[in-house]
Amino acid sequence: MNRRLFCAMVSAMAVGCSGEAGPKKAKVSGTVNYDGKPLDEGTIEFTATDGSNAAQGNISAGKYEIPEEAGPVVGKQYKVSFVSLKKSGKARKSLMPGSLGNDEEESINIIPAQYQGSATTLTADVTDDETKNKFDFTLEKGLATKK
């Protein structure tokens, strides 16, 4: 192959790759209330029901926002799960290398188990209409709803 043809092919591939690649993602946002008040801090995860992808964001003062570039893929249904760790007040031996077995305070997830990981029953349908990608969740001890 001559050098000129090779350069032309490389240039054509570079131009073809410079556009958007992969599936279209969406920004998602909303609120999370737990036990009647905004959740202080935690993590929200959107996991595609077909197992193809996930998006995760931080919750602060009851609000979350996952930007488009890190967001879930448009046109998919997602299971929505939560984690919020709090100190338990109990000490346990540290298992971290270099800790010399010192005690550390144990953390627990305060969110009920039915709204964690694959056990969650909460869902969200992500669309390309940003106004429809605001998902508010009210988590009660033992119950949760999506508004």
Margin query: Once rounded to the nearest 0.5 Å, what's the spacing between atom CD1 of I111 and atom NZ of K141?
Written below: 10.5 Å

Margin query: Working to the nearest 0.5 angstrom, can you tell me the gap between T127 OG1 and D125 CG?
Written below: 9.0 Å

Next item on the list: List for me each residue that meets salt bridge (Lys or Arg N to Asp or Glu O under 4.0 Å) alongside E106, sequence neighbours excluded, and say none if there are none.
Entry: none

Checklist line | Main-chain N/O of T123 paired to Y78 side chain as donor or acceptor, under 3.5 Å | finding: no

Report, one line per pair, each donor and acceptor closer than 3.5 Å where one atom sits in a side chain of residues 54-61; sequence neighbours left out.
none

Next item on the list: List for me each residue that meets ring pair (Phe, Tyr, Trp, His ring centres under 6.0 Å) alongside F82, sequence neighbours excluded, and say none if there are none.
Entry: F137

Item checked: E65 CD to N133 CG distance, which is reported to the nearest 0.5 Å -> 11.5 Å

Check: Just how far is it from atom CG of D35 to atom CD1 of I110, taken to the nearest 0.5 Å?
Finding: 8.5 Å

Next item on the list: Enter the distance from Y115:OH to E140:CD here, rounded to the nearest 0.5 Å.
Entry: 9.5 Å

Checklist line | Heavy-atom closest pair, residues F46 and Y64 | finding: CZ-OH, 3.8 Å

Checklist line | Separation of N53 CG from K25 NZ (nearest 0.5 Å) | finding: 7.0 Å

Checklist line | In one Ile/Leu/Val/Met/Phe/Trp/Tyr side-chain cluster, 4.5 Å: I44, V83 | finding: no

Next item on the list: Could you walk me through whether N109 and Q116 pass side-chain contact (heavy atoms from CB on, under 4.5 Å), step by step?
Entry: CA-CA 9 Å; N109 188 357; Q116 299 177 31; 3.1 Å; yes

Next item on the list: Flag the pair I108 / L85 as yes when at least one side-chain heavy-atom distance between them is below 4.5 Å, and no otherwise.
Entry: no

Notebook entry, point to check: Can you name the closest pair of heavy atoms from V74 and A26 and give their distance?
Noted result: CG2-CB, 3.8 Å

Checklist line | Residues which pass side chain to side chain contact (heavy atoms under 4.5 Å, CB included) with E41, listed by chain and number, not counting sequence neighbours | finding: K86

Item checked: Residues which pass side-chain hydrogen bond (donor to acceptor under 3.5 Å, both in side chains) with S81, listed by chain and number, not counting sequence neighbours -> none

Margin query: Taking D40's backbone N and O only, do any of them form a donor-acceptor pair with Y34's side chain (distance below 3.5 Å, no angle check)?
Written below: no

Notebook entry, point to check: Any idea which heavy atoms bring A113 and A119 closest together, and the distance?
Noted result: O-CB, 3.8 Å

Item checked: Listed partners of K79 passing salt bridge (Lys or Arg N to Asp or Glu O under 4.0 Å), at least two apart -> none

Next item on the list: With the side chain counted from C-beta on, respond yes when I66 and S29 share a heavy-atom pair under 4.5 Å apart, and no when they do not.
Entry: no

Check: Distance only, no hydrogens: is a donor on one side chain within 3.5 Å (strictly under) of an acceptor on the other, for K76 and S52?
Finding: yes

Check: Less than 4.5 Å apart, any side-chain heavy atom of N33 and any of L139?
Finding: no

Next item on the list: Taking only Lys NZ, Arg NE, NH1 and NH2, and the carboxylate oxygens of Asp or Glu, determine whether D128 and K24 approach each other closer than 4.0 Å.
Entry: no

